[in-house]
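First the proteins, then the strands, lettered A, B, ... as listed; each starts at 1.
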Number of protein chains: 2
Amino acid sequence: MAREDRIELKARMVTERLATLSAQPLADFAVLERLICQRAQEAPAHADLVREGESSAGIRMMLGGWACRYKMLVNGRRQLLSFVLPGELCDPYMHLLARMDHSLAALTPVTYAQLGREESERLVHDHPAVARALWIQTMFEIGVEREWTASLGQRVAFQRLAHLFCDIYLRLNMTGIAEDNWCDFPPTQGDIGDATGLSSVHVNRTLQDLRAANLITLTNKRLFIRNLEALKSAALFRPSYGVVAH
Amino acid sequence: MAREDRIELKARMVTERLATLSAQPLADFAVLERLICQRAQEAPAHADLVREGESSAGIRMMLGGWACRYKMLVNGRRQLLSFVLPGELCDPYMHLLARMDHSLAALTPVTYAQLGREESERLVHDHPAVARALWIQTMFEIGVEREWTASLGQRVAFQRLAHLFCDIYLRLNMTGIAEDNWCDFPPTQGDIGDATGLSSVHVNRTLQDLRAANLITLTNKRLFIRNLEALKSAALFRPSYGVVAH
DNA sequence: CGTTACATTGAGTTCGATCAAGCTTAGTGG
DNA sequence: CCACTAAGCTTGATCGAACTCAATGTAACG
């Protein structure tokens, strides 16, 4: 398949997601879809797409690959705030602020669409339906981050990892990227540790526990959920952010 | 001072904050200010203003007193997501989603302005400047929550509490409510525990450590910061969200 | 003046961190 | 094609931060 066709498919994935989430017709997103195709670009794994403190550019959407939002503390420790999956916004509406309050890094090679600041402002100004959908997607992602915060504060390691796997699988499933309880899972155990506030050693041991409990297998960057209901229940999973737009 | 006058003062505090944060003239917020005065109401301490899962109403602004956003896990544990201080938005733009993904509770008796959903949508539709400012304030508050997430994942108890105190004092200071290193601090040690992901027992002991280190005193719901610079440094505090609008 | 909520202290325990080593895999270049 | 390297994964041993349970102290309040 030619590069252009692939990009078009991915752009369609983004707009379909926005249409569903905002309960608006796909036609409302034609302009956005074209813009995405024009502004698609790539970055290699481990590249920082933007760093904390830098001036924030315009709207950026993930078309393929995984990225993460993160913060570095002055003592050198890193906290991942969330994973950015295909079809999601990278740093929704950050262009309203002067500077980024967090960084954004590619975990795998990524394809993404990057609009300029002016362009973004014009887009949301001229197309209220698009603006609305982007905001809804933004609030959705913030809901995911909030659930994550609850994890860090209140769940033990086993529950945290279980919750992470539920969350990721179901989000990928929403965009049609994962099914049959399988999905890609590129983060290293170190990345998982930075996301869950655990050491990579403890992540390793807890993964073994999850395997032993027959909940998942995770090998070669592929996640298989052996028992989704059991995993949800182990994770204290209650998807309050699965809810769609008003 | 008459009730109306007090409300007007508080409404002015809100609009001044929005004007500063969005770098827009105060005049842009005249309509909002009037609306706030009309829609002001009260709630007692411990009241839930809205609960997770409920349909989300319109824009709500805190005029006086403290509230908190929180989530309950199915195992009964509670995680506070953030404190809502006077002048801040309670659940910014949640009305875009069908349901609340978290709850909102008063920690003290509170005064707040509650707009209806229709009213909110009309307001932001007819007054783009107001809409813009509200979004900027929203992104600001999300930045605070993100820093909080980093705290939960990467800071030890001592640093977490230190960070909390820096954060709260400086946010109150922004709105002119705190100065000279003094401020109200109504949350109980239990509340602090739910916010920081620590047990109340450990909060108690860590507070003693902070006192012993001559950083703060906290008695009778009043916080005194004895050495702000030392506290910041103990907290690994770097105010990336202190930055104002573009 | 009893009741209730909150704060404090002590003792024992555990979850997860750190340190340190060995192992596996994939990639690179001679 | 193999030697070498670098990342990441795995395991063991030890340690410490924070938890739980339980009791006591204190202060506000009807």
Problem - Sugar-phosphate only, base, or nothing, as touched by B/S199 at under 4.0 Å among non-hydrogen atoms - result: base
Handout entry: Given D/dT20, D/dA18, D/dA28, the nucleotide with the shortest approach to the side chain of B/N220
Key = D/dA28
Problem - Listed partners of A/Y112 passing ring pair (Phe, Tyr, Trp, His ring centres under 6.0 Å), at least two apart - result: none
Handout entry: N or O in side chain of B/R155 less than 4.0 angstrom from D/dA18 OP1/OP2
Key = no
Practice task
Mark yes or no for whether A/S56, through its side chain, and A/M100, through its backbone, hold a donor-acceptor pair below 3.5 Å.
Solution key: no
Handout entry: Geometric cation-pi criterion, A/R171 with A/F83: 6.0 Å, 45°
Key = no
Handout entry: Pair A/D191 + A/R78, salt bridge at N-O below 4.0 Å
Key = yes
Practice task
Could you list the residues that satisfy side-chain hydrogen bond (donor to acceptor under 3.5 Å, both in side chains) with B/T149, not counting sequence neighbours?
Solution key: A/T149
Problem - Five-pair end axes of the helix from C/dC1-D/dG30 to C/dA21-D/dT10, angle between them (10°) - result: 40°
Exercise for the section: Check each residue of residues 200-213 of chain B for a non-hydrogen atom within less than 4.0 Å of any atom in DNA chain C, then write out the ones that pass by number, or none. Expected result: B/V201, B/N204, B/R205, B/Q208
Problem - Backbone N/O of B/Q189 and side chain of B/S200: donor-acceptor pair under 3.5 Å - result: no
Practice task
Decide salt bridge (charged side-chain N to carboxylate O under 4.0 Å, His left out) for B/R160 and B/D167; before the verdict, give the C-alpha distance in whole Å, the side-chain angles of both, and the deciding distance to 0.1 Å.
Solution key: CA-CA 10 Å; B/R160 270 184 231 181; B/D167 176 45; over 6 Å; no
Practice task
Measure from the side chain of A/V156, starting at C-beta and using heavy atoms only, and say which of C/dG16, D/dC9, C/dC6 lies closest.
Solution key: C/dG16
Exercise for the section: Inspect the contact between A/E52 and B/R146 and indicate whether a charged nitrogen and a carboxylate oxygen are less than 4.0 angstrom apart. Expected result: no
Practice task
Pick base, sugar-phosphate or nothing for B/G197, based on heavy-atom distances below 4.0 Å to the nucleic acid.
Solution key: sugar-phosphate
Which atoms of nucleotides 25-27 of chain D (N or O only) lie under 3.5 Å from a protein N or O atom, and what are those distances?
none

Practice task
Would you mind listing every salt bridge (charged side-chain N to carboxylate O under 4.0 Å, His left out) that reaches into residues 176-186 of chain B, with sequence neighbours excluded?
Solution key: B/D184-B/R222
Exercise for the section: Could you check whether the rings of B/W148 and B/H163 sit parallel, tilted or perpendicular, using 30° and 60° as the cut-offs? Expected result: tilted
